[in-house]
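Structure first, commentary second.
Each chain gets a letter, A, B and so on, in the order its sequence line appears, and its residues count up from 1.
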Amino acid sequence: MGKVSKSPWLLHYDASSCNGCDIEVLDCLTPKYDIERFGIINTGDPFQADILLITGGVNSQTERVVKQLYSQMPEPKVVVAVGICACTGGVFKECYNIRGGIDTVIPVDVYVPGCAARPEAIIDGVVKALAVLDEKQAVMKTPEEKER
Amino acid sequence: MDKIRAFTLAGRMLKNLFRRPATTQYPFEPADYPERMRGHVRIEIGDCISCGLCMRSCPSGAIVVDRKAGTWTIDRFDCVQCGSCVTACPKKCLFMEKGYTEPDGVKKSETFVKPQEEPAGKTKKTG
Amino acid sequence: MVKVIFVLAYLIFAPFVGALLDGVDRIISARMQRRKGPKLLQPFYDLGKLFSKERIGVNNVQLFLNMSYLVILMIAGSMLFAGADLLMVLFILSTADMFLIMAASSDSSPYSNMGSSREMLQMMAYEPLTLLVAVGFYLTTGSFLVSDIIREDISAVLWMPGLLAGFMFTTAIKFRKSPFDLSTSHHAHQEMVKGLTTEMSGTTLAIMNIAEYYEMVLLLGIFFLFFVNSTWWSWIVALLLCAVIFFLETLWDNVSARVKWKTLLYSCWVVTLVAGGVNILILMLDK
Amino acid sequence: MIPFLIGIPAVLAVVFQIVRNEKIRGYIVYAGAGAIMAMTVVFIADWIGGGAKTWMFYPRTETIDHLMTAGDIFLMCLIVWLSVRYKRVLPMILSILQTVLVLYVEFTAEVTEGPHMMVDWLTILMCIIIAFIGGFICIYTVGYMKGYHQHHKDVKDRQPFFFSMLFLFLAAMFGLVLSQNLIWIYFFWEITSVISFLMIGYTRAEEAVGNSFCALWMNLLGGLGFAIAIVLMALGQESLQLTEVVSTGALLPLMCLSLAGLTKSAQLPFSTWLLGAMVAPTPSSALLHSATMVKAGVYLLIRISPALSGNLVGLIVSSIGGLTFIMASMMAIAQNDAKKVLAFSTISNLGLIVACSGIGVEETVWAAIFLMMFHAVSKSMLFQSVGATENTLGSRDIEDMHGLIIRVPRLAYIMGIGIAGMYLAPFGMLISKWVALKAFVDSGNVVLVLCIAYGSATTMFYWTKWLSKLLCRHIPRDTVKDVTRKDEYLSMLFHACVMLLMCLLLPLVARWLVNPIVRQLFGNSKDVLSMSVLATMAIMLVSIFVVPVAMFFISRRSHTELVPIYMNGINEGDNRFFTNSYGEKEHLYLSNWYLRFEFGRRHLRIPSIIIAAAVLVIGICLVIGGVSW
Amino acid sequence: MAKRSIVPFGPQHPVLPEPIHLDLVLEDETVVGAVPSIGYVHRGLETLVKKKDFKQYVYIAERICGICSCGHGLGYCMAVENVMGIDVPERAQYLRVIWVEMSRIHSHLLWLGLLADALGFESLFMESWRVREKILDMFDETTGGRIIHSVNQVGGVQKDMDSSMLKHLLETIKDIERDIKPLVDTFLKDYTVQSRLKGTGILKKDDAILLGAVGPMLRASGVEYDVRMLGYGAYKNLSMEPVTCTDGDSYGRCVVRIKELFQSFDLIREAIGKIPEGDIHVPVKGNPSGEYFLRIEQPRGEAIYYVKGNGTKFLDRFRLRTPTTSNIPPLVETLKGCQLADVPVLILTIDPCISCTER
Amino acid sequence: MEEKNDIREINARQFFPAIVKMRTEKWRLVQICATSVEGGCEMSYSFCRGYDMRTYRFVAYGDEEVASITQIYPCAFLQENEAKELFGVNITHIKPDYKDKLYRIEEETPFKEKE
Ligand code: SF4
Ligand code: SF4
Ligand code: SF4
Ligand code: SF4
Ligand code: SF4
Ligand code: SF4
Ligand code: SF4
Ligand code: SF4
């Protein structure tokens, strides 16, 4: 395990979801699922986050917010799209104000399906994301070393 | 009104300290789900008549039925597990079952081909 | 020589002890909440992670101000462990805090600025009591010097129980624990987002955390002074009591809501006046 | 020598009335200030060369006495005339009353002759402060007044008058600190009152006139106290020597002198005048706050402090000082006008000094002197930089100094050093506080201990928020042109250097300057702090000094990727705007805390004045009662 | 005059349940002005009635929000049933009430947790949510989903609860009741909690009516108005009284919700006691034509469903006026003059749900 | 309990007096619903008093100006802004007026019948 994956901190943003997935994300913090077991802290601050958990399909207003938050996170960072809405837009994809999945705005590393995504699924997704995080960190390090 | 108290929760906190945590062991131990869990849709492809009712009833358009090719495709990352298709299917060949679709780095869909040409096949396609 | 050893021990081990305590604290909190909680070494993993992250910031000075905060805190701590003047230690401690405030308000970011305003307020709230604690030690032992205080025959706490209680009260501010975690909080959901540390990430945040560990040990060191006396066993007792105090702070964190700033300020000042002032008055009349 | 010290500035004051050319006047100011400083240096060198003993001068001075009498009468007439013109009764009555009292003493009372002037370490210190800080303020004024009149077109340009007053002030201050005879001191004392009155009224605006009269009557009240003290001394002790007041320790004269000291140093309940004085051009504030006026008050109190130790008067003085310290610092929190903050901070700091001298033991006086020194330097510096900032930005609101470090970095640094000097370790103010606290504890005064504990917390609050506003690296919307002139910078830089040097050389200053003063005042040779303590302290402090610098260079080496600040994800381009609820760009604005509803002047002023007045009145009654018993 | 700070609050803010934005004007930390902005979760799902037929739309309605999912399904179905004149079997009506009251319990526990969280009372949050987990498990068992239940359909319910489930439900409720006792004590009596809740965000009775507050917000201001009293569904057979409180402050709203929690326990017990055997749904023929305004009481207050059919299987118009829409104006009113630290608490005391507000 | 739920059609001129009357009779504004109809938009304003509900309804044709009721019922601002933005109903003098930026959608008046 790399350094990052031992202490991944989350940033959760609701990009126009129905709350279903959000409360399940929050539920992961609570005693039954307690993702702090993995060293995960739910921080509200993009500057300190490693994993961006997004729920809901993106609409015209949240698009900017999502991009902004993503840009304020330091590398290495991964994006996890939680819920069908975040994956594809789900039942709302035909709405006039929905862009579709999160991947229409920023690159997504892990998709967690489910409506609402179950806490177990979210945990699985985060665990998957950790692997991606480690990979990214490895990539981040190598070019630097080559330069020297 | 009631008396105001301080440290109201202290007793509970101290007791909790010596209780077993309510935390499940997931993912190190598998979770068990109730019978009715709407986890994912399974198709008994052999019984399917490609009528397309499920496709039309699906609120998120996750199912594509191709009558000519005899295929039944579900986009797992589009299915909201509502069970509408299960109710709609006249042949009752769709089932809502336990267990959810694994999270993944790419969005997958699954295609089932009717077993006339070849035996019940499951081909995975990514999309 | 002993002094040098103490100072070196402090400089080297304080972050480790602090991080361990933090780990213990997190586990205890988790267990109180019927959660399993993180691993004991989680704070170390966090630090490791933070140092390995890409360095981003909103300006170029925050890092340097944060480092100054850390080093000045270290100086304050070293002075305490070198047996120097307690009052001076406290003054330098507040100077260190000043750097933290400047770091936080080094850019016009709304949340870290509001956080730093609150931090100033918190300083205003706890400062009187910390000064009185030093005065209390002076009155009981006749010296501000830590090296003299630990050589007393009777533990200072016997003379200054009020000050101890008051200090425990205000230390929640320093430990950034509920009900007094206004300026920045270890809990995720705070109206200040992350307050002071909103714009700190990676290394900068790691420095901040390390500084907090130093500070934690420093404060526990002051608690230690309350209990210690010239006998050897008092050291062990004092260590145990420090652990108890730490536990009580954790417990308090878990049984109270975060208060508003007015409650914070006024309650701290009143506690200072009642617990601290009365205690000092009695000491003065007595001596 | 001494006549020169007083004479040069006095003569220059006259010269400015004649010279009307701005350039030439500027050069004369430079030369004059230079001369004063040079004279002081020579004088001190001479004195130290002479063994640094206490010198007593001029036991018989018939003519000068008569001149002074004439001067007193002239001042009275001036006040009466101005009072009539502006229809104020109180100053008139006070002035006449005290002049009559003094004249009465002068012509009727039989007093033992004694030296009229004295030079000792305290005098020397005061001379240095007056000459150098005062001198540089004069230099600063040359540049400042140009900018001032460009900004305030509505104010009539009366610069010659202003410079006259500045130099006259310095002359009076020299006279005051060098005098030893109470009547002499009284004369100079009155001059300072009147000049400050004239300077406050410089703009002749309604508010300015009102405030100047406020200052006048309050100071005259103190003067009355002084006059009564003279009468009492003359009748009771048959001596007019300041040293006699101290050595006999009669309570009533002490009380009266303390009253004079308290009014002059703007302690509660008399602090109003100093706040009102803010309407004057900044150099006069600088002068009033740092080198002159208020220092006259604390000088007097420090002088008599050995006699205050442990008696009722001392208790009153120290209580009022303590109260002032904490109340003024609380009120400072609610201010956003930089000069108001400085004014409150002056009052509060003087409160601490007064409290120290009220306790009147070696340590406290040691602390008081240190506080006075640091206060003089940093206050003067702060006032000057605020003045320069005001000329540059067109505002002296602290809120408008947001990001000054980017806009006018040089001024920001100077102001920053000044602020740091007021309350941060490693600067001396803090060390003095340390000593003061220790001394208060030793003297067993629990109320003062509490005052200092709370007061330093509140002090910290308002300085910190100012400092952080200043140092915020916020790119402003509009750039400003720094219109600060060279002479202004010269003065400010000088102060900054002195400030830093004093911190670095703190142990030496303590040993060579402050310890002797204390020794002379108390007549023994106990060091307040042992050298080793001071030395270790200094090492610690210097290392703290070094840390930020070192860290600065270390952090320079690392590369940081710059990103926008956190604004809940709705930044609008740069760091100044966010999208508001109507979907438009909104200017982010961050204001400091002022706690107006908690610490506002409106809430605190009246109660604190009442308390202070009550303490004073009851105290005086007790003292009088005590005498009649 | 000190200047006032103008800062953004939200949409991305950890203390906010959902992306809502406020422009805050602060003096020190006192809020002197607040302008709300919504639209961060606006999807436009009301237009979907033109694309999904009225039976399919139940699934969309359920996803208006994940917290009142059950209620939205119910409200929509009842509105359509009213337009079409369908009589829903008794058993189905009882089942609906049971599920809806379960989600009220779920929602109020969730709210209590979030409130504790906004107060910085982490352990209380954890405890509340730990208890809530039991009701979620119950949902999982009876409906097959923790959050989105998919039980309502036009004409009845999709799933039945057998007697073992009902028994389990009773046990669970008993469990929860026992577990939340100390938590309720803390919410209502703890000093630190009270220092945050008492006297903040006072909404007077007249203001509450004028500004159109609904649900617990309205009842906490002393107005007796609970749409369940209309007796829709099985409520007509159950005994209940609206819970009110006269304080009108945050504390009052907390009291109301806690009492409603216990009211829900009783309602479920009574419903389980009275539930008749029988069908759970009736077949639906034809298409809706006509219109109807339907009111139901959601955990957050009265919601209004408007359905207008035109005789085809696609509806002309579906509109939902949610409780939060009505509660935002009173919220803005209560925000004025509060402290910054109160902002999240006040936002929470209306139990905001932006998701359904913006649809 | 029997619920009263009546819908009363009025014309645009009667509209404002009717609203004022509701206010004086202390009815609570519960909802404003816009529905696109031929050539315009049907506006329904519902009020509650006790458990009774009454809805006033009129049709605003084309660009016809509809006065905002925020002067009478300040809480109407959200729903009026919404009707304006999504249906293109020309409601004037809303306080506060979000100027069609409440939802900041990209499509203009998505609910309006388009020819
Ligand atoms: S899921 Fe998160 S953001 Fe959404 S309502 Fe719950 S706590 Fe708030
Ligand atoms: S996936 Fe389902 S539960 Fe999650 S946000 Fe979308 S509709 Fe809600
Ligand atoms: S369960 Fe629902 S969403 Fe999934 S395929 Fe069936 S109808 Fe579509
Ligand atoms: S409804 Fe059933 S039979 Fe028809 S296509 Fe779908 S799965 Fe096949
Ligand atoms: S692929 Fe996913 S949905 Fe399909 S059977 Fe496996 S787990 Fe179920
Ligand atoms: S940009 Fe705005 S906040 Fe910054 S200095 Fe200019 S006016 Fe002040
Ligand atoms: S309020 Fe109604 S719709 Fe919402 S969860 Fe509760 S019962 Fe379901
Ligand atoms: S009120 Fe809230 S919880 Fe209920 S449906 Fe609306 S958004 Fe969801």
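Only the side chain of E/Y191 comes within contact range of chain C, with heavy atoms under 4.5 Å apart. Contact annotation for C/S256: both backbone and side-chain heavy atoms come within less than 4.5 Å of a heavy atom of chain E. Both the backbone and the side chain of E/L340 come within contact range of chain C, each with at least one heavy atom under 4.5 Å from a heavy atom of that chain. Neither the backbone nor the side chain of E/V343 has a heavy atom closer than 4.5 Å to any heavy atom of chain C. Using a 4.5 Å cut-off between heavy atoms, E/T200 touches chain C through its side chain atoms alone.
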**Request:** For the pair C/F175 and C/F180, evaluate side chain to side chain contact (heavy atoms under 4.5 Å, CB included) and give the outcome as yes or no after the intermediate values.
**Result:** CA-CA 9 Å; C/F175 281 172; C/F180 295 149; over 6 Å; no
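If you check the side chains of C/K174 and C/Y126, you find a donor sitting under 3.5 Å from an acceptor. Between the side chains of C/Q62 and C/T204, no donor-acceptor pair of N or O atoms lies under 3.5 Å.
Ranked by heavy-atom pairs under 4.5 Å with chain C, the first of E/A341, E/S5, E/P344, E/S195 is E/A341.
The main-chain N or O of E/L26 is never found under 3.5 Å from a side-chain atom of E/T30 such that the two would form a donor-acceptor pair. No donor-acceptor pair closer than 3.5 Å links the side chain of C/R26 to the backbone N or O of C/P38.
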